[in-house]
2 protein chains.
Amino acid sequence: MVQGHRRPTLETVAERAGVSRATVSRVVNEQPSTPESRRAVEAAISELGYVPNLAARTLVTQRTGLIALVLPESSTRVFSEDQFFSQLIQGISQELDEADRQLVLMLAGSVESRQRIEHSAQARHVDGVMLASLHGTNPLTAALVRSKIPVVSNERALGPVEVPHVDVDNHGGARAAVEHLIAAGRGRIASITGPPDMIAGIDRRQGYRDALGEAGMALVEATGDFTRSSGADAMSRLLAETPDIDAVFVASDLMADGALRTLQREGVRVPDDIAVIGFDDIELARQTDPPMTTVRQPITGIGRSMAGQLLRAIDGQQIEPAITLPTELVLRASG
Amino acid sequence: MVQGHRRPTLETVAERAGVSRATVSRVVNEQPSTPESRRAVEAAISELGYVPNLAARTLVTQRTGLIALVLPESSTRVFSEDQFFSQLIQGISQELDEADRQLVLMLAGSVESRQRIEHSAQARHVDGVMLASLHGTNPLTAALVRSKIPVVSNERALGPVEVPHVDVDNHGGARAAVEHLIAAGRGRIASITGPPDMIAGIDRRQGYRDALGEAGMALVEATGDFTRSSGADAMSRLLAETPDIDAVFVASDLMADGALRTLQREGVRVPDDIAVIGFDDIELARQTDPPMTTVRQPITGIGRSMAGQLLRAIDGQQIEPAITLPTELVLRASG
DNA sequence: CTGAAAGCGCTTACAG
DNA sequence: CTGAAAGCGCTTACAG
């Protein structure tokens, strides 16, 4: 491969191969051509080290090959220890890799960054946008939907705008966890809930409430924000206010780890005195003491599915307005 | 703002404002123009909702405004609970936001993805590349340096290639931690080290060795891979093989958390029986029981500095081949 | 300061 | 299947 002073263009390759630019373009884009010209072009390409210029291609095709993932930078969750976003990105990457698309990460922390993202979408700097855990009230969601760029979210929107989404059965998962506790004979079941302005917080709480309601049992709730320390604090409050509880359903594994640490410090035995069940099944759940019973959600699968849906939407296909992936109760020692 | 059927172009704006395309371009790019034409153009822009086409601009300026961050997807660290990458990204984003550049995330897991990244760099799909914790032997590093695209790494390369980097004083930080243990009267100090093929693992281990060597004390080492479970396992081995140790310097907070869990399970008191010091000072360090003494490294600062250096390199400026940021021993209860 | 014009590097009907 | 030509939407010397 010869390195010239400047990058070779289609023109250079055409000259070398003795064909027209159009023919080179067709070979590059794998369109029909005679074996001879294909061979000549391919030889020229590798001799010159030709790589197509993305900008030029984008200018005519109106496709950038870039897919944005918008994350709420300011959220305590993104940059907490929670593995949710890491796993989500992993799933998304797998799918985009296969489609030869490039992931672009955009953090929607400040007002300015939100405007930049909105701007990027309007200018079609990217072909489509994935929204992850933006609170439903975030103005960005509505703005993107309005701009008509293909969008997929990882949860249903809270506000009036409709946005296609891929989510898990938060309600059913929470309900299954609580029903398991009831079946195990637990009589006073509390819950450490997630933020009341996030779907994951709302739906899991509702699952807890519905399960207890059907059993005619009383609600005992403490609110957290999906961080470990909020779980630890919530557990302390529960212990102080309702010392007779014998089980806790915690809306995330990280909060459950915090709760377990509080219980351990207070000398409360798990699960003998109080059973604990988390939600997520991140790696941490296998490493707590005792290992954590939890509701597994297929985070990587959400990522793959979101990316797949978005790719189809960009392709002009009709996509389902909502996909709900199943959860699964994983029994370990804590509850 | 009027929404036409298709996006407005410079041409449309020029017509509406009654000036030439060149004048519109100059106003958009904040070049000198008379107040009157500026006003007319700005009015037309907002009426039409004009947003410049990135591809067209890139085609002529040869700048994309995109900056890549390449992460080793396969590494256990990226998608572990370790907050290192999250914080690094946060720092990078702050800096890029200010410069109005867009971050593009590229995961270098598979051979194919590495080739795609190399390809992207050659094709100048991005203006520059940041490398984070790619093992020095990774062929990608050399390939990028060869392609002459501006590159900055978060650690010095292990192989023969030189790459500008921003790192922390791993050696000095480790040394300070161990010297603190010695000064506190600990007589048999072990270390749980990081991977021997990563700079952070190598340098922190050397800092431990040098501090012990000067004090004439014997080395007691167990190797981990920066994950929590590897820290727990290494601690178990140390306890079994050298039960007389009274302190451990652990090369990362996450491994130190694993070690603390092992000690707690084994009924070993911290710091009374064994003192523990970690490295990183991520949020977790404040939440362990007891709270962790650790070596703080300014991860967000590394990100900002990397991005800053890269931006300067892209700008054609000469940048320093190496920047080393200081670490700081944070005293809490564990050691 | 402004406009006419060239050119960035591709793709894609349109003929042949 | 192939080539000549137009065009994607900008920026930027060059005159004036």
Side-chain angles (χ1 to χ4, degrees), chain A residues 4-45 48-66 100 119-120 122-127, chain B residues 4-45 48-66 100 119-120 122-127:
Chain A
H5 303 102
R6 46 191 317 146
R7 292 179 47 206
T9 68
L10 260 196
E11 185 90 51
T12 334
V13 176
E15 219 167 285
R16 181 110 170 194
V19 298
S20 72
R21 278 152 51 195
T23 298
V24 176
S25 174
R26 292 192 187 101
V27 170
V28 170
N29 292 297
E30 287 166 344
Q31 278 163 23
S33 61
T34 56
E36 302 87 68
S37 41
R38 178 188 310 281
R39 251 194 301 277
V41 170
E42 282 170 351
I45 286 176
L48 295 166
Y50 171 71
V51 180
N53 179 306
L54 218 212
R57 179 179 281 171
T58 295
L59 190 54
V60 21
T61 61
Q62 311 279 24
R63 284 289 174 81
T64 65
L66 265 29
D100 207 42
H119 197 263
S120 278
Q122 282 171 218
R124 294 294 188 272
H125 294 176
V126 294
D127 296 336
Chain B
H5 303 101
R6 46 189 318 146
R7 292 178 48 206
T9 67
L10 260 197
E11 185 90 53
T12 334
V13 177
E15 220 167 285
R16 181 105 167 200
V19 298
S20 72
R21 278 152 50 196
T23 299
V24 177
S25 175
R26 293 193 186 99
V27 171
V28 170
N29 292 296
E30 289 166 342
Q31 278 162 24
S33 62
T34 56
E36 303 88 67
S37 41
R38 179 189 308 282
R39 251 194 300 280
V41 170
E42 281 169 352
I45 286 177
L48 295 166
Y50 170 71
V51 180
N53 180 306
L54 218 211
R57 178 179 282 172
T58 295
L59 190 55
V60 21
T61 61
Q62 310 280 24
R63 284 289 174 82
T64 65
L66 265 28
D100 208 42
H119 197 264
S120 278
Q122 283 172 217
R124 295 292 189 272
H125 293 176
V126 294
D127 297 335

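Here the structure is a predicted model, which means the values were calculated and not measured. Each chain gets a letter, A, B and so on, in the order its sequence line appears, and its residues count up from 1.
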Exercise. Show your reasoning for whether side-chain contact (heavy atoms from CB on, under 4.5 Å) applies to B:Thr58 and A:Leu54.
Key: CA-CA 9 Å; B:Thr58 295; A:Leu54 218 212; over 6 Å; no

Self-check item: Phosphate OP1/OP2 of D:dC1 contacted by A:Ser37 side-chain N/O (<4.0 Å)
Solution: no

Exercise. State which residues pass salt bridge (charged side-chain N to carboxylate O under 4.0 Å, His left out) with B:Glu15; sequence neighbours excluded, sorted by chain then number.
Key: none

Practice problem: Nearest whole angstrom, please: distance from the C1' of C:dG9 to the NE2 of B:His125. | Solution: 12 Å

Self-check item: Heavy-atom pair with the smallest gap, counting every atom of A:Ala44 and A:Ala17
Solution: CB-CB, 4.0 Å

Quiz item: Do side-chain atoms of B:Arg7 reach the backbone of B:Val51 as a donor and acceptor pair under 3.5 angstrom?
Solution: yes

Practice problem: Report the distance from atom CG of B:Asn53 to atom P of D:dT11, rounded to the nearest whole Å. | Solution: 10 Å

Quiz prompt | Nucleotide C:dG9, atom C1' - distance to CG of A:Leu10 in whole Å | solution = 7 Å

Quiz item: Given that B:Val60 and B:Ala22 both sit by DNA chain C, which one's nearest nucleotide is further toward the 5' end?
Solution: B:Ala22

Quiz item: Between A:Gln62 (CD) and D:dC8 (P), how many Å, whole number?
Solution: 9 Å

Quiz item: C:dT12 C1' sits how many Å from A:Arg21 CZ, rounded?
Solution: 12 Å

Self-check item: Secondary-structure notation, DNA chain D, from Watson-Crick and G-U pairs under 3.5 angstrom (| other strand)
Solution: |||.||||||||.|||

Quiz item: Quick one: which of C:dG3, D:dT12, D:dG3 gets closest to the side chain of A:Ser20?
Solution: D:dG3

Quiz item: Can a side chain N or O of A:Thr23 be found less than 4.0 Å away from OP1 or OP2 on D:dG3?
Solution: yes

Quiz prompt | Beyond-backbone contact of A:Leu66 with B:Leu66, side-chain heavy atoms, under 4.5 angstrom | solution = yes

Quiz item: The side chain of B:Ala56 lies closest to which of these nucleotides: C:dG9, D:dC10, D:dT12?
Solution: D:dC10

Practice problem: Go through residues 25-33 of chain B and report each residue with a non-hydrogen atom lying under 4.0 Å from DNA chain D, sorted by number. | Solution: B:Ser25, B:Arg26, B:Asn29

Practice problem: Round to a whole Å and report the spacing from CG of B:Leu59 to P of D:dT12. | Solution: 12 Å

Quiz item: Taking atom CZ of B:Arg39 and atom CD of B:Glu36, what is their separation to the nearest 0.5 Å?
Solution: 6.5 Å

Exercise. Could you state the atom-to-atom distance from CD of B:Glu11 to C1' of D:dC8 in whole Å?
Key: 12 Å

Self-check item: Any donor-acceptor N/O pair, A:Ser25 side chain to A:Arg21 backbone, under 3.5 Å
Solution: no

Exercise. Please step through side-chain contact (heavy atoms from CB on, under 4.5 Å) for the pair A:Arg57 and A:Val28, ending with a clear verdict.
Key: CA-CA 12 Å; A:Arg57 179 179 281 171; A:Val28 170; 3.6 Å; yes

Quiz prompt | Separation of atom CD in B:Glu36 from atom P in C:dG3, rounded to whole Å | solution = 12 Å

Quiz item: Just how far is it from atom CG of B:Asn53 to atom OG1 of B:Thr9, taken to the nearest 0.5 Å?
Solution: 9.5 Å

Exercise. Ignoring backbone atoms, establish whether B:Thr9 has a side-chain N or O less than 4.0 Å from OP1 or OP2 of D:dC8.
Key: no

